Amino acid sequence: MSRPDKQLPDEHRPAAIGTFTVRPLDPAADAELVHGWVTHPKAAFWLMGDTELADVEREYRSIAAHPHHDAFIGLHDGEPAFLIERYDPTEVELKGLYEAEPGDVGMHFLVAPTDTPVHGFTRAVITAVMDFLFADPSVRRVVVEPDVTNSAVQALNKAVGFEVLREIAKPEKDALLSACTREQFEAATGGNDR
C-alpha cells in the first residue's frame, strides 16, 4: 500500500481548530498512548476495551507488518490526538463482503479521549483524516463499516459525504457499509474552501 506524504497540505487544514499532521504509528513507542485511548470507555466501538498493553503493541506490530493495512497517529498542533487505520478493503475487514471498486480504501479513526472537549473537534478530525486519505491520487473512494448502533460516527460520516450502502454482517458486529467518493467529500465539506 502506498504511503502518501504524512503532512496535510496547508489548504486542507481546518484553521479554526488548529493544525493537523499525521505520522506513522510506532508500535513500541506508541503502545502505551494508544492503549489508553482504545481501552477508554468512550472507545467502546473500537472493541479493544479489555486489552492489555502487550496486546495493543502486538496488534499494531501486526498491522505495521501487514502489506494491506497501516496505522497512523494524528497530531493536533503537534500533540497526539487521534488514531487512523487505513486498509485495502479487498484484503482486510471487508474482503468478500462488498462490491469493491478501483481506488477504494478503508478507514477507521479514533479521537483521543479528553476532559476538555472542543466543539467541532471530532468533525475537524474526520475532515483531516479524509484529506489525508484523498491526498493519495489513487484513492477514489473511502469505505467504512461502523457498528449499526454507533449513531455518533454515522452522523460524522454523513457530515463529510458518506452514503450508507447497506447493512452487512461481520464476525464482530453488524455494520453499516458506507462509502464516500472524492466528489461527495468535496461537496459536503466545501473542497478547497475549507
Side-chain angles (χ1 to χ4, degrees), residues 1-9 12 20-28 30-31 34 37-38 43 45-48 51 55-75 82-111 125-148 150 153-154 156-158 160-186 188-189:
M1 179 172 282
S2 67
R3 297 177 190 263
D5 184 47
K6 307 305 184 263
Q7 179 91 5
L8 294 174
H12 293 296
F20 293 97
T21 52
V22 175
R23 66 166 173 79
L25 185 149
D26 179 325
D30 292 324
V34 173
W37 294 355
V38 301
F45 289 108
W46 205 257
L47 304 177
M48 293 183 78
T51 57
D55 300 324
V56 171
E57 183 175 347
R58 187 171 26 261
E59 174 69 13
Y60 285 95
R61 282 190 188 282
S62 175
I63 288 172
H66 199 289
H68 303 289
H69 197 174
D70 44 16
F72 304 89
I73 296 292
L75 307 170
F82 57 100
L83 173 63
I84 305 169
E85 289 185 16
R86 177 180 64 180
Y87 62 90
D88 178 344
T90 65
E91 298 292 335
V92 178
E93 292 286 346
L94 292 169
K95 185 176 183 174
L97 295 177
Y98 88 115
E99 301 74 36
E101 294 183 8
D104 279 359
V105 67
M107 176 269 288
H108 298 136
F109 84 103
L110 177 68
V111 176
V125 166
I126 193 173
T127 302
V129 169
M130 296 292 283
D131 279 332
F132 169 69
L133 296 171
F134 282 127
D136 180 343
S138 70
V139 172
R140 296 183 57 216
R141 186 171 78 155
V142 178
V143 295
V144 293
E145 22 69 47
D147 190 291
V148 295
N150 191 344
V153 84
Q154 291 166 31
L156 284 167
N157 289 345
K158 184 175 181 180
V160 295
F162 278 93
E163 175 184 4
V164 174
L165 302 178
R166 71 175 186 281
E167 192 170 317
I168 59 171
K170 296 187 68 197
E172 73 281 11
K173 65 184 178 184
D174 289 328
L176 285 183
L177 176 66
S178 304
C180 181
T181 65
R182 186 181 299 271
E183 294 75 20
Q184 288 170 311
F185 173 61
E186 289 174 357
T189 61

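The model shown is predicted, which means the values in this text are computed figures rather than measured ones.
- The two residues A28 and R61 have their closest heavy-atom pair at CB-NH2, 3.4 Å.
- Here the CD1-CG distance, from I73 to L83, works out to 5.5 Å after rounding to the nearest 0.5 Å.
- At most 12 heavy atoms of other shown residues, nucleotides or ligands fall within 6.0 angstrom of atom NZ in K158.
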Trace of the side chain to side chain contact (heavy atoms under 4.5 Å, CB included) decision for K170 with E93:
CA-CA 8 Å; K170 296 187 68 197; E93 292 286 346; 2.3 Å; yes
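- One finds the OG1 atom of T21 at 12.5 Å from the CZ atom of F72 (value rounded to the nearest 0.5 Å).
- A179 approaches L165 most closely through the heavy-atom pair CB-CD1, 3.8 Å.
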Only pairs under 3.5 Å count here: list side-chain donor-acceptor contacts from residues 96-111, not counting sequence neighbours, and write none if there are none.
from	atom 1	to	atom 2	distance (Å)
Y98	OH	D104	OD2	2.7
E99	OE1	R166	NH1	3.2
E101	OE2	R141	NH1	3.3
D104	OD1	R141	NE	2.8
D104	OD2	E101	N	3.0
D104	OD2	R141	NH2	2.8
H108	ND1	E85	OE1	3.3
H108	NE2	E145	OE2	2.6

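- Closest heavy-atom contact between V142 and F134: CG2-CZ, 3.7 Å.
- T127 places a side-chain heavy atom less than 4.5 Å from the side chain of D131.
- A salt bridge does not link E186 with R182: every distance from a Lys NZ or Arg NE/NH1/NH2 to an Asp or Glu carboxylate oxygen is 4.0 Å or more.
- Side-chain contact between D30 and Y60 is absent, with no heavy atoms from C-beta onward closer than 4.5 Å.
- Between the CG atom in L177 and the CZ atom in F162 there is a gap of 10.5 Å [rounded to 0.5 Å].
- Separation of atoms CG (L94) and CG (D88) is listed at 10.0 Å; rounding is to 0.5 Å.
- In this structure, T51 and V56 approach most closely via the heavy-atom pair OG1-CG2, 3.5 Å.
- Among all heavy-atom pairs drawn from A135 and P137, the shortest one is O-CD, 3.3 Å.
- Under a 3.5 Å cut-off, the side chain of Q154 and the backbone N or O of N150 do form a donor-acceptor pair.
- A side chain to side chain contact (heavy atoms under 4.5 Å, CB included) with V144 holds for exactly one of V153, N157, V164; it is N157.
- Looking at heavy atoms from C-beta onward, V129 lies out of side-chain contact with F20 at the 4.5 angstrom threshold.
- Contact check for I84 versus L25: no side-chain heavy atoms found under the 4.5 Å cut-off.
- Not a single donor-acceptor pair under 3.5 Å links the side chain of S138 to the backbone N or O of D136.
- Remark: E57 CD to S62 OG distance equals 12.5 Å, nearest 0.5 Å.
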